Amino acid sequence: MHVVVAWYQAGRGRRIGCERQLEKAERRLAPYAPAHRGVDVAAVLGDVAAARERVASGSLELPEPQGLQGPLGADA
């Protein structure tokens with residue numbers, strides 16, 4: 001949930017909200033890496049890390065998260 005909300009906040013131009021959601025996503029997903037119930041958690045965490053770097057550099061233009069593709073993700 002925090003991953004989706006982070007991207008939503010970025011789309012709305014809300015840097016602080018995006019940063020906070022990315023931090024929460026990383027903290028809450030990390031214990032489930034590398035995979036949990038068919039979700040490639042490591043890939044999602046990679047997306048979160050890349051997004052955090054981009055936001056830290058000053059951009060809220062986040063690429064579509066690739067780790068959410070698959071049976072439980074956007075392509076389901």
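These figures come from a predicted structure and were not determined experimentally.
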pair V3-Y8: side-chain heavy atoms closer than 4.5 Å: no
Minimum side-chain heavy-atom gap R12-C18 below 4.5 Å: no
Spatial distance of atom CD (E19) from atom CZ (R52) [nearest 0.5 Å]: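 Between E19 CD and R52 CZ, I get 8.5 Å after rounding to 0.5 Å.
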Tell me the closest heavy-atom pair linking V44 and L29, and the distance in Å.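 Result for this residue pair: CG1-CD1, 3.7 Å.
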Looking only at heavy atoms, which two atoms of W7 and P65 are closest? And how far apart?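 Heavy atoms only, the tightest pair is NE1-CD, 3.5 Å.
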Establish whether [X] and [Y] are linked, either directly or via other cluster members, by ILVMFWY side-chain heavy-atom contacts under 4.5 Å.
X: V48; Y: Y32; result: yes
X: L60; Y: L62; result: yes
X: L45; Y: V5; result: no

Result of checking K24, R20, Q21 against H2 for side-chain hydrogen bond (donor to acceptor under 3.5 Å, both in side chains):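 For H2, the side-chain hydrogen bond (donor to acceptor under 3.5 Å, both in side chains) check succeeds only for Q21.
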Heavy-atom donor-acceptor pair, D40 side chain to G67 backbone, under 3.5 Å: no
Quick one: does any side-chain atom of R15 pair with a main-chain N or O of V55 as donor and acceptor, under 3.5 Å?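 Here the side-chain-to-backbone pair exists.
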Salt-bridged, R27 to E23, with N to O below 4.0 Å?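 No.
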